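A short write-up of the structure that comes next.
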Amino acid sequence: MADSLLEVIFDVVDLAFDVSDAIDRTKQLSKPDTVEVPPDPEPLPAAAQRALAEAEERERKRGQSDQAASSTDQAS
């Protein structure tokens, strides 16, 4: 008798957890997807733009000189 009563209690508790999970999943599905969009970045000041352009130019020249050096090494 007590065995079947415990079984019924466990079944009721299991059913309550299943219903709770179903409700939680339904709530999550009903929430709209929100996407955080960062604000537009502010343009760089003129001095910063010049510095960036100079750094990119130095990097480009360095890459060209590295390629030239590697091609002369391969030719040797």
Side-chain angles (χ1 to χ4, degrees):
M1 173 73 183
D3 211 23
S4 63
L5 182 61
L6 279 176
E7 208 172 300
V8 169
I9 291 173
F10 284 131
D11 286 342
V12 169
V13 170
D14 188 41
L15 177 66
F17 280 128
D18 289 344
V19 169
S20 174
D21 285 342
I23 291 170
D24 285 342
R25 274 187 261 121
T26 303
K27 284 182 182 178
Q28 289 174 358
L29 290 175
S30 66
K31 290 182 182 177
D33 292 337
T34 56
V35 177
E36 294 293 324
V37 178
D40 289 335
E42 295 179 18
L44 292 175
Q49 290 177 355
R50 281 193 305 273
L52 183 59
E54 290 171 3
E56 289 172 345
E57 182 66 22
R58 283 193 304 270
E59 184 65 30
R60 186 182 62 77
K61 286 181 181 178
R62 184 179 301 131
Q64 287 176 349
S65 66
D66 289 347
Q67 284 180 345
S70 72
S71 66
T72 56
D73 289 344
Q74 292 175 356
S76 302

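Given the structure is predicted, the values throughout are model-derived calculations rather than measurements. We use all heavy atoms of the structure for the numbers below, so side chains are in, but hydrogens, waters and symmetry mates are not.
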Working to the nearest 0.5 Å, report the span between CD of Glu59 and CG of Asp66.
8.5 Å
Tell me every residue that passes salt bridge (charged side-chain N to carboxylate O under 4.0 Å, His left out) with Arg60, counting only those two or more places apart in sequence or in another chain.
Glu57
Mind checking the CG-CD1 spacing from Asp14 to Ile9? Nearest 0.5 Å is all I need.
13.5 Å
Connected via hydrophobic side-chain network under 4.5 Å: Ile23 and Leu15
yes
List in chain and number order the residues that pass side chain to side chain contact (heavy atoms under 4.5 Å, CB included) with Ala16, two or more places apart in sequence or in another chain; answer none if no residue qualifies.
none
What donor-acceptor contacts under 3.5 angstrom involve side-chain atoms of residues 35-53, with partners at least two apart or in another chain?
from: Gln49; atom 1: NE2; to: Leu44; atom 2: O; distance (Å): 3.1

